[in-house]
Amino acid sequence: MTYSVAVSGASGYAGGEILRLLAAHPDMEIRTVTAHSNAGQPLVDHQPHLRSLAHLTLQDTTPEILAGHDIVFLALPHGQSGQYTDALGDVPLVIDAGADHRLTSASAWDAFYGGDFHEPWTYGVPELLIDGVKQREHLRGATRIAAPGCNASTVSLSLAPGVASGVIDPSDIVSVLAVGPSGAGKSLKTNLLGSEILGTANPYAVGGTHRHIPEIRQALAAASGVESDGIRISFTPVLVPMSRGILATSTAPIVDGATDAQIRDAWQSAYGDETFVQLLPEGRFPRTADVLGANTALIGLAIDRAANRVTVVTAVDNLVKGTAGAAVQSMNIALGLPEARALSVNGVAP
């Protein structure tokens with residue numbers, strides 16, 4: 001069976017990455033691409049690397065144009081997807097790459113986003129531990145999927161095994177992330193200009209203000225069975241001069257009595273059989289270069305007994321495993337297709 005697909009926000013980074021992956025998917029036919037200010041222009045003018053899709057023209061983003069497809073991807077800025085989702089009730093599968101359907105708490109949405117709160121959809125991180133099972137079990141047959149925030153899924157995948165197994169204390173988590181500016185989208189912003197980020201590292205959303213914090217707390221609470229109030233995290237992202245990538249360094253206290261073997265086994269048991277989330281051998285740590293263009297999260301684990309903390313270093317491509325790859329992987333699961341179809345574990349080097 002071939003599925004017809006529409007992608008909104010197709011002129012942006014997330015939309016472009018979704019299209020790049022779908023273009024290589026044998027079961028998908030990309031029929032419609034939409035945008036706002038760029039409507040009426042050739043897609044290839046905005047995504048010149050997508051040569052196989054040069055025949056497509058960007059159309060207006062309206063419910064009428066998006067309807068009538070088997071699958072719709074919404075790659076819109078936060079707060080904009082919700083206005084379309086109610087009108088797409090007849091579309092068999094809708095996947096939102098924005099934040100509108102990620103959070104289960106209306107108060108958390110109000111505190112970090114504001115505006116209308118929309119119902120939560122099935123969270124699109126298949127490898128995440130939720131109530132003792134992997135999230136992919138909840139994705140099977142799903143019709144509405146919320147793709148994750150890239151920083152949020154990276155930190156959640158980093159720490160969920162330790163929280164779920166009870167070997168780390170989730171009330172004192174510290175995460176510092178080096179991130180590429182493509183995660184902020186394609187809209188022109190002065191702080192993202194090349195002259196502003198080249199040769200420097202710039203912290204932002206410091207002091208508990210980043211919008212992905214409630215998403216992390218929600219995921220780790222679901223992994224551990226504790227209330228989200230019991231998940232406390234100091235989260236600091238830092239823009240660095242690379243177009244893609246996240247390198248997340250997360251630490252948490254070791255629970256009394258947890259042995260080194262038990263700690264490492266928590267992550268090995270969680271990810272030992274996974275294709276796209278891989279625990280590196282002891283003493284090895286990932287680079288963002290190792291996952292460029294891949295749907296892979298590479299994890300390095302260190303046990304710091306002097307500080308009595310576990311340190312987890314995780315590298316992902318924010319546009320692939322962090323967003324578009326997670327969306328396509330979740331789509332494959334929902335449709336009963338091979339989970340890895342059109343997705344690669346291999347990065348691009350140098």
Pairwise side-chain contact, T122 with Q135, heavy-atom cut-off 4.5 Å (strictly under): yes
Contacts of K186 meeting salt bridge (charged side-chain N to carboxylate O under 4.0 Å, His left out) (sequence neighbours excluded), chain-then-number -> none
Close side-chain approach of I173 and R232, heavy atoms under 4.5 Å: no
Check the pair Y113 / H78 against ring pair (Phe, Tyr, Trp, His ring centres under 6.0 Å), numbers first and verdict last. CA-CA 8 Å; Y113 291 91; H78 303 320; 5.7 Å; yes
Determine, step by step, whether T2 and D27 satisfy the side chain to side chain donor-acceptor pair (under 3.5 Å) criterion, reporting the C-alpha distance in whole Å, the side-chain angles of both residues, the deciding distance to 0.1 Å, and the verdict. CA-CA 5 Å; T2 299; D27 302 301; over 6 Å; no
Over 12 foreign heavy atoms within 6.0 Å of CD, Q41: yes
Set out, in order, the CA-CA distance, both residues' side-chain angles and the distance that settles side chain to side chain donor-acceptor pair (under 3.5 Å) for E339 and Q329, then state yes or no. CA-CA 6 Å; E339 185 171 334; Q329 184 181 350; 2.7 Å; yes
Heavy-atom side-chain proximity of V328 to L343 below 4.5 angstrom: yes
Would E17 and Q47 count as having a side-chain donor-acceptor pair, cut-off 3.5 Å? no
Check step by step if side chain to side chain donor-acceptor pair (under 3.5 Å) holds for N332 and H25. CA-CA 10 Å; N332 286 337; H25 200 301; 2.8 Å; yes
Is any side-chain heavy atom of V7 less than 4.5 Å from a side-chain heavy atom of L22? yes
Scan residues 139-151 for pairs that pass salt bridge (charged side-chain N to carboxylate O under 4.0 Å, His left out), counting only residues two or more places apart or in two chains. E137-R140
So, does W267 use its side chain to make a donor-acceptor pair with the main chain of S158 at under 3.5 Å? yes
Verify the distance criterion only: is there a donor paired with an acceptor across the side chains of H118 and T85 at less than 3.5 Å? no
Audit row: H210, Y204, ring pair (Phe, Tyr, Trp, His ring centres under 6.0 Å) steps and yes/no: CA-CA 8 Å; H210 197 282; Y204 67 100; 5.8 Å; yes
When you look at T154 and N151, which way does the side chain to side chain contact (heavy atoms under 4.5 Å, CB included) test go after all the steps? CA-CA 5 Å; T154 304; N151 297 313; 5.8 Å; no
Does any donor atom in the side chain of E215 or Y123 lie under 3.5 Å from an acceptor atom in the other side chain? yes
Could you walk me through whether Y84 and D96 pass the side chain to side chain contact (heavy atoms under 4.5 Å, CB included) check? CA-CA 10 Å; Y84 299 105; D96 185 13; over 6 Å; no
All pairs passing salt bridge (charged side-chain N to carboxylate O under 4.0 Å, His left out) where residues 292-306 contributes a residue, at least two apart: D260-R305
Side chains of V320 and R244 in contact at under 4.5 Å (non-hydrogen atoms): yes
Looking at residues at least two apart in the chain, or sitting in another chain, which of them share a side-chain hydrogen bond (donor to acceptor under 3.5 Å, both in side chains) with S107? S105
When you compare the side chains of S344 and N295, does any donor N or O come within less than 3.5 Å of an acceptor on the partner? no
Examine the side chains of H36 and D60 and answer whether a donor and an acceptor come within less than 3.5 Å of each other. no
Given D100, which partner from the list P120, P77, S81 fulfils the side-chain contact (heavy atoms from CB on, under 4.5 Å) test? S81
Counting only N and O atoms by type, is there a donor-acceptor contact under 3.5 Å from the side chain of Q59 to the main-chain atoms of A35? no
Let me have the donor-acceptor pairs involving side chains of residues 245-252, under 3.5 Å, with sequence neighbours excluded, atom names and distances please.
| unit_1 | atom_1 | unit_2 | atom_2 | d |
| --- | --- | --- | --- | --- |
| S250 | OG | S175 | OG | 2.8 |
| T251 | OG1 | R309 | NE | 3.0 |
| T251 | OG1 | R309 | NH2 | 3.0 |

Side chains of T296 and K321, heavy atoms from C-beta outward: is any pair under 4.5 Å? no
Separation between CZ of R264 and CD1 of I303, rounded to the nearest 0.5 Å: 7.5 Å
Judged by atom type as modelled, is there a donor-acceptor pair below 3.5 Å linking the side chain of S153 to the main-chain atoms of C150? yes
Is any side-chain heavy atom of Q218 less than 4.5 Å from a side-chain heavy atom of S228? no
Going from CE on M28 to CG on L337, what distance comes out if it is rounded to the nearest 0.5 angstrom? 5.5 Å
On a heavy-atom basis, which atom in I254 and which in A258 lie closest, and how many Å separate them? CG2-CB, 3.9 Å
According to the ring pair (Phe, Tyr, Trp, His ring centres under 6.0 Å) rule, which pairs have a member within residues 309-350, sequence neighbours left out? none
